[in-house]
Amino acid sequence: MEDERNMETLNNIENKYDIQNIYFNRYQVWPIVRMALFFQLRKRNNLQINNKKKIDKINLLTLLLNILDIKNLKAIINLIAGKKKFVLLSDSLELRNINGHSIDKIAYNLIDIINEEDVLIIENSYHARLPRNILYKSYLYQDLITLAFQIYTKIIYLKKTKIENERLIQEILIKLNISLNYKYIIAEFIASYKCYRMLFKIGNIKAIFVNCYYSFQNQAAVFAARELNLNVIELQHGVINKEHLAYNFSIPLEGKYFPNYLFAFGEYVRDILRESKYIKNQNILAVGNAYIDYIKDEYNPQAEIFDYFQSIRNKYDCIIGVSLQEIYEDETMEFISRAAMLDRCIYYILVPRIYKKHSGSQVNVEIININNSDLDIYKIIFSSDFHSTVNSTCALEAPALGVANIFINIDNKSREYYGNMLNPIYNRYANDPNEFVKIIKEWVPPNKEIIKSMHTEYFENDNRSKIIEALDRIGIQNQYK
C-alpha cells in the first residue's frame, strides 16, 4: 500500500535523523515540513491531487470580490467587539443542503449547540463564491487571511528564515529525491500563525474547532490557539486509519502543533490511535456525524427527487451509487462502463467531487453534477441498493445509512485500505467488472437496520446529544446546558 510505504519512509527518517532539533527561532520545524513532504510523496505516487486546485476557476476579480465581501467586514467588527467566543475553521466542501439552506455537514449540530451568534466561521472556499443560501450569518473568507499572511511572509519573514540544523532538511530532501521550497513553507507558516494569533487574541476567543488540523492554514491556527492556551477540538472529516500520516508518527513532536481533543465518528478511532503520539487517547470522544444522522433519521426526499428515483426503478432492477475520487476517476469510470455493458438492468449514478463532462457514457450510467442539484452523494446512497467506490470516505459512511459496499478493487487499493477495517458481512470486493456484476446480482446483504446496528462502532448515533456530552466533558459551555 502506497500510503503505508510513504509513512514507513518518513518514520525511518524520523528515527534516523535528529529532526526534533531542527528549529527556526523557537519553532520546531519538522511538524511543519512533515506534511508537505507527505503530500509530495503522495503526488509522486499519483495519490494526491493538487490541494490548491479549486472547484471553480477563481480569477483575480472573484478573489477581490470575496475579500471585499461585506460579511468579512461585519465578521471582523464583531470579532474585535468581543461578540464571538468560538472560531470554526471549515471549508465549502462540507456544505450540504438541508431544507433550502447550505449547512456545514460536520459542524451543523455543534454550531447550533454552542450558539451560532457566538461562532465566527473561517471558510476556505473551494468554489468561486459561497452559496447565497448559506445558513450562517458570520463567516470570514479564508482568502482574506491568506492574502494577509502572504504579504506578511514576503515583506517580513522570507529573508529572515535562518534554520538551525538546516543541513538535516537538505539531507532528507536528497534522500527522498524531492524538491521542496521549505524556507518559504516555514516562513509562510509562521506568518500565518502570527495572523491567527492576533485574531484570536483580539477577539478574546475561548476555543477553536477545526475540521482538518493538518491542512497548512489550519495547523497554523491550531498552533496559534495552543500558544494562547485555548482548547482546540478537531472534528473528524474523513477516514482515520493506521496508515494516515497525520495521526501516526514514530517520535513525540511538540504538542502545540496538534489539537487537544478529537471529536471522532466512532469508538473505532480510539482503538486505531491507541498507541499514537498524536493525542491522548482519553481525549478522543466519539460523537458521530450530524449530516449522517440527518439523512438516516430525518431526510424525506422531495417529490422531484422521489420521482427521479422511482422513474429509474421502473426501468431497472438495481441502483448503484458510486462515489468517485479524482485520483481514481478515469479507472473507475472505465470499470463502471464495462460493468454497465454486461447487464443493462443495473443503473449506475456516479458522483464526482469535481464535475466535468464525459463523452461516450452508457445509457445506464449517469454522472451527477451535485453543484447544480439538490442531490448529493449521501442522498444518492440513501436511495441506492449498493454503494461502490475504490476507497473514498463514503465507504465508511454508507453502512451508517444501512447501505452495503461493493468495492471497485482496482489494483487491490480497496482491500489494502479497508480490508482489515470493515466488517465483511456488509462489504464485498470486486476485482473486475464480471465479478462486480455477479456480486450485485447474487449477494443478499443484511437488511438496513442490521447493517446500521452493526456499524455503530464506526458511527455513533445521536450526534446532537453526543456533542453536548463531549462539550460538557471538556468544560465548554453551551446554550443547552
Side-chain angles (χ1 to χ4, degrees), residues 238-239 241 265-268 288-289 291-297 299 301 305 309-310 312-313 316-325 328 332-333 335-336 338-340 342-343 345-351 364-366 368 375-410 412-461:
V239 176
N241 57 23
F265 293 156
E267 289 291 341
Y268 91 95
N289 179 277
Y291 197 63
I292 293 296
D293 278 2
Y294 166 74
I295 296 293
K296 176 166 56 77
D297 301 328
Y299 172 61
I305 293 175
F309 280 100
Q310 192 59 48
I312 296 173
R313 293 206 176 275
Y316 298 91
D317 295 338
C318 191
I319 299 175
I320 314 296
V322 183
S323 53
L324 295 174
Q325 301 159 267
Y328 303 122
T332 304
M333 292 190 68
F335 187 104
I336 292 297
R338 289 167 58 198
L342 294 172
D343 192 323
C345 293
I346 302 170
Y347 195 82
Y348 300 90
I349 304 175
L350 278 58
V351 185
N364 54 332
V365 177
E366 181 179 5
I368 293 285
L375 279 173
D376 60 36
I377 184 60
Y378 304 98
K379 293 173 181 176
I380 290 169
I381 290 172
F382 178 83
S383 297
S384 297
D385 298 290
F386 295 104
H387 166 252
S388 291
T389 186
V390 176
N391 56 21
S392 79
T393 303
C394 292
L396 191 66
E397 296 162 323
L401 302 177
V403 179
N405 290 307
I406 304 176
F407 285 97
I408 300 167
N409 193 32
I410 297 170
N412 208 35
K413 297 295 184 187
S414 308
R415 195 176 289 278
E416 286 179 342
Y417 199 76
Y418 279 118
N420 295 324
M421 184 175 170
L422 295 181
N423 193 326
I425 293 175
Y426 50 86
N427 295 278
R428 291 286 188 273
Y429 298 84
N431 296 315
D432 59 65
N434 285 291
E435 185 180 11
F436 185 71
V437 171
K438 182 178 171 64
I439 293 171
I440 292 172
K441 294 172 71 174
E442 297 181 1
W443 182 36
V444 181
N447 68 44
K448 287 195 171 191
E449 293 308 313
I450 291 175
I451 292 175
K452 285 189 283 188
S453 67
M454 295 178 72
H455 201 64
T456 53
E457 176 188 358
Y458 299 94
F459 272 90
E460 283 280 349
N461 292 316

Side chain of [X], backbone of [Y]: donor and acceptor closer than 3.5 Å?
X      : Y      : result
Asn412 : Arg415 : no
Gln325 : Asn391 : yes
Ser388 : Ile406 : yes

[X] versus [Y], closest heavy-atom pair with distance:
X      : Y      : answer
Ser323 : Cys394 : OG-CB, 3.6 Å
Gly321 : Ile380 : CA-CG2, 4.0 Å
Ala430 : Ile439 : CB-CD1, 4.1 Å
Ile319 : Ser383 : CD1-O, 4.2 Å
Phe407 : Tyr418 : CE2-CD1, 3.4 Å
Tyr316 : Asn364 : CE2-CB, 3.7 Å

* Please indicate whether Asn420 has more than 12 foreign heavy atoms, meaning atoms of other residues, nucleotides or ligands, lying under 6.0 Å from its CG. => no

Working to the nearest 0.5 angstrom, can you tell me the gap between [X] [atom1] and [Y] [atom2]?
X      : Y      : atom1 : atom2 : value
Asp385 : Tyr347 : CG    : OH    : 14.0 Å
Ile349 : Ile377 : CD1   : CD1   : 8.5 Å
Met333 : Ile408 : CE    : CD1   : 11.0 Å
Ile381 : Leu401 : CD1   : CG    : 6.5 Å
Lys296 : Phe382 : NZ    : CZ    : 10.5 Å
Thr389 : Tyr328 : OG1   : OH    : 9.5 Å

Any side-chain heavy atom of [X] within less than 4.5 Å of one from [Y]?
X      : Y      : result
Ile451 : Val403 : no
Ile425 : Pro446 : yes
Arg338 : Phe436 : no
Asn405 : Tyr429 : no
His455 : Tyr426 : yes
Met454 : Pro399 : no
Val239 : Met421 : yes

message = Check for me whether Lys452 meets the cation-pi criterion with Phe459, that is, NZ or CZ under 6.0 Å from the six-membered ring centre and within 45 degrees of the ring axis.
response = no

Please assess Val390 against Tyr417 for the test side chain to side chain contact (heavy atoms under 4.5 Å, CB included), listing each intermediate value before the final yes or no. CA-CA 9 Å; Val390 176; Tyr417 199 76; over 6 Å; no

The residue among Tyr299, Tyr294, Tyr291 that forms ring pair (Phe, Tyr, Trp, His ring centres under 6.0 Å) with Tyr378 is Tyr291

